[in-house]
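Hydrogens, waters and symmetry mates play no part in the numbers below; they use all other heavy atoms, side chains included.
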Amino acid sequence: MNEEREALREAVRGLLEGYPARAGFDAGLWGRLCKEIGVAGLAVPQRFGGAGAGLLEACVVFEELGRGLTPVPMLGAVLAGQALVRSGDEEACARLLPGICAGDLIAAVGFVPPAGDSLSGEVRHVPDVAEADVVILCAGDTLWEVDAAAVSREPEESIDLTRRLGTVRLDGAHARRLGTDSTPTLGDIGCVALSAEQVGAAARALELTLDYVKTRHQFGRPIGSFQVLQHRLAEAHVRLEAARSASWTAAEALVAGAPEASSLASVAKVCCSETLRAVAAEMVQMHGGIAITWEHDAHLYLRRAYACAQLFGSPAQHVERLAAAAGLA
């Protein structure tokens, strides 16, 4: 973390104060994040309305958004921006990126199996697609811009109450081929962005739990004084720091174009998914009965942990990917 990234972190955290995740999507908040801080265009070249920074800066923002489970369409904005820039399609970049960077266009990105020269079927679990103005699909190594107004899009019910998911039905959809995805893939970028968000969520869940065990008394003293809880909290802290290292290392590898970047993205996805799930579970257990009420946020972190783990491939799928890369499958 350098001085500029620390300033970015403080700016985003300050702006997010007072915007609880349970309030749902706030278009005004998203507009402020984009126009005052430029979060959607951090990794987009300046000639297209972006900040000309990079993925590392975007990951700083993802970590802050993860802390509060902030329901804004940052994931789609960053992935769409990367897809357009990587496509090399200057016309599409000039037409779409300024609006995405300014927060005026909501973008969604989905992943489908290789489809040849046409798209069909449906794409499920696409973040923010029901409200999207721009829909981009990655089919194998091919990128497509789908006419958002001409396809059927339906919101999905999800265990995660703070992230909007939807289904796109593609039969008869008008799609424009943008170009070819490159290595590391757009999916790798998604995994790294998601891992930063998971680190932020796990960090906040641990902070809230530490605060609670210092004030909750049982048998005449704070429950945080009990050794068994201290050991569990220490283990959660160690897991969190390992996850943060995995996320940051993968992000740096992507930026540097390192040959092991794809494998490190999978490592980050597995490590950060498992860490958030473990820390959120400890949060629920140590808060006791209050954690299973609607009024407390503990269940929101646990829901995010389980749902987030399945986006862009489950931990088990990424373990299989790593085994195949190592010649063990």
Pairwise distance [atom1]([X]) to [atom2]([Y]) - rounded to 0.5 angstrom:
| X | Y | atom1 | atom2 | value |
| --- | --- | --- | --- | --- |
| Leu302 | Asp297 | CG | CG | 12.5 Å |
| Ser152 | Leu170 | OG | CG | 9.5 Å |
| Leu206 | Met286 | CG | CE | 8.5 Å |
| Leu165 | Asp128 | CG | CG | 8.0 Å |
| Phe25 | Glu131 | CZ | CD | 7.5 Å |
| Ile223 | Gln230 | CD1 | CD | 11.0 Å |

For [X] versus [Y], what's the shortest heavy-atom pair and its separation?
| X | Y | result |
| --- | --- | --- |
| Ala265 | Cys191 | O-CB, 3.9 Å |
| Leu254 | Ile189 | CD1-CA, 4.0 Å |
| Pro315 | Val270 | O-CG2, 3.6 Å |
| Arg153 | Ala132 | NH1-O, 2.5 Å |
| Ala291 | His287 | CB-CB, 3.6 Å |
| Leu186 | Cys138 | CD2-CB, 4.3 Å |

Donor-acceptor list for residues 98-112 side chains, cut-off 3.5 Å, not counting sequence neighbours:
unit_1: Asp104; atom_1: OD1; unit_2: Lys35; atom_2: NZ; d: 3.0

Close side-chain approach of [X] to [Y], heavy-atom, < 4.5 Å:
| X | Y | answer |
| --- | --- | --- |
| Arg216 | Gln218 | yes |
| Arg221 | Phe226 | yes |
| Asp26 | Tyr19 | yes |
| Arg169 | Val123 | no |
| Val60 | Trp248 | yes |
| Glu235 | His231 | no |

[X]-[Y] side chain donor-acceptor pair, cut-off 3.5 Å:
| X | Y | result |
| --- | --- | --- |
| His299 | Arg303 | yes |
| Thr167 | Glu122 | no |
| Ser158 | Asp160 | no |
| Ser262 | Asp188 | yes |
| His125 | Gln310 | no |

Quick one: does [X]'s side chain have a donor or acceptor within less than 3.5 Å of a partner on [Y]'s backbone?
| X | Y | answer |
| --- | --- | --- |
| Lys269 | His318 | no |
| Thr293 | Ile290 | yes |
| Asp147 | His174 | no |

Discussion item. List the residues meeting side-chain contact (heavy atoms from CB on, under 4.5 Å) with Val255, not counting sequence neighbours, and say none if there are none.
Written reply: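 With neighbours one apart ignored, the set is Leu55, Leu56.
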
Discussion item. Enumerate the salt bridge (Lys or Arg N to Asp or Glu O under 4.0 Å) contacts for residues 279-296, please, sequence neighbours excluded, ordered by first and then second residue.
Written reply: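 Matches after skipping sequence neighbours: Arg232-Glu282.
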
Worksheet item: What pairs meet the salt bridge (Lys or Arg N to Asp or Glu O under 4.0 Å) rule with one or both residues in residues 39-60, with sequence neighbours excluded?
Response: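 Salt bridge (Lys or Arg N to Asp or Glu O under 4.0 Å) check on residues 39-60 returns Arg5-Glu57, Arg47-Glu90.
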
What do you reckon, is [atom1] of [X] surrounded by more than 12 foreign heavy atoms closer than 6.0 Å?
| X | atom1 | answer |
| --- | --- | --- |
| Ile159 | CD1 | yes |
| His217 | NE2 | yes |
| Gln227 | CD | no |

With a 4.5 Å cut-off on side-chain heavy-atom distances among I, L, V, M, F, W and Y, is there a chain of contacts connecting [X] to [Y]?
| X | Y | value |
| --- | --- | --- |
| Val284 | Leu229 | no |
| Val44 | Phe62 | yes |
| Leu210 | Leu208 | no |

Worksheet item: Is the cationic atom of Arg204 (NZ for Lys, CZ for Arg) positioned less than 6.0 Å from the six-membered ring centroid of Tyr301 and within 45 degrees of its normal?
Response: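 The answer is no; the distance or angle limit is not met.
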
Worksheet entry | Verdict with reasoning, Glu241 to Arg244, per salt bridge (Lys or Arg N to Asp or Glu O under 4.0 Å) | CA-CA 5 Å; Glu241 291 307 307; Arg244 180 176 281 116; 2.7 Å; yes

Practice prompt. Dump the intermediate steps for side chain to side chain contact (heavy atoms under 4.5 Å, CB included) on Thr209 and Leu233, then the final yes or no.
Written response: CA-CA 9 Å; Thr209 305; Leu233 289 166; 4.0 Å; yes

Worksheet entry | Note: Arg13-Glu63 ion pair, threshold 4.0 Å (strictly below) |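 No, no charged N to carboxylate O under 4.0 Å.
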
Worksheet item: Going by an N to O cut-off under 4.0 Å, is there a salt bridge joining Glu145 and Arg177?
Response: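 Salt bridge flag = no for Arg177 with Glu145.
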
Practice prompt. Quick one: do Arg239 and Glu274 satisfy salt bridge (Lys or Arg N to Asp or Glu O under 4.0 Å)? Show the steps, please.
Written response: CA-CA 9 Å; Arg239 293 190 67 154; Glu274 296 297 336; 5.1 Å; no

Quick one: side chains of residues 66-86, donor-acceptor pairs under 3.5 Å with protein atoms, not counting sequence neighbours, listed by atom name and distance.
unit_1: Arg67; atom_1: NH1; unit_2: Glu207; atom_2: OE2; d: 3.0
unit_1: Arg67; atom_1: NH2; unit_2: Glu207; atom_2: OE1; d: 3.0
unit_1: Gln82; atom_1: NE2; unit_2: Ala43; atom_2: O; d: 3.2
unit_1: Arg86; atom_1: NE; unit_2: Asp181; atom_2: OD1; d: 3.3
unit_1: Arg86; atom_1: NH1; unit_2: Pro184; atom_2: O; d: 3.3
unit_1: Arg86; atom_1: NH2; unit_2: Asp181; atom_2: OD1; d: 2.8
unit_1: Arg86; atom_1: NH2; unit_2: Ser182; atom_2: O; d: 2.9
unit_1: Arg86; atom_1: NH2; unit_2: Ser182; atom_2: OG; d: 3.3
unit_1: Arg86; atom_1: NH2; unit_2: Pro184; atom_2: O; d: 2.4

In residues 192-202, what donor-acceptor pairs under 3.5 Å come from side-chain atoms, sequence neighbours left out?
unit_1: Ser195; atom_1: OG; unit_2: Val192; atom_2: O; d: 2.6
unit_1: Ser195; atom_1: OG; unit_2: Ser247; atom_2: OG; d: 2.9
unit_1: Glu197; atom_1: OE1; unit_2: Arg163; atom_2: NH2; d: 2.6
unit_1: Glu197; atom_1: OE2; unit_2: Arg163; atom_2: NH1; d: 3.1
unit_1: Glu197; atom_1: OE2; unit_2: Arg163; atom_2: NH2; d: 2.8
unit_1: Glu197; atom_1: OE2; unit_2: Arg304; atom_2: NH1; d: 3.0
unit_1: Gln198; atom_1: NE2; unit_2: Ser273; atom_2: OG; d: 3.0

Practice prompt. Before giving the answer on side chain to side chain contact (heavy atoms under 4.5 Å, CB included), spell out for Leu178 and Trp144 the whole-Å C-alpha distance, their side-chain angles and the decisive distance to 0.1 Å.
Written response: CA-CA 5 Å; Leu178 291 174; Trp144 298 85; over 6 Å; no

Fill in: side chain to side chain contact (heavy atoms under 4.5 Å, CB included) between Leu240 and Val238, worked out
CA-CA 5 Å; Leu240 173 60; Val238 171; over 6 Å; no

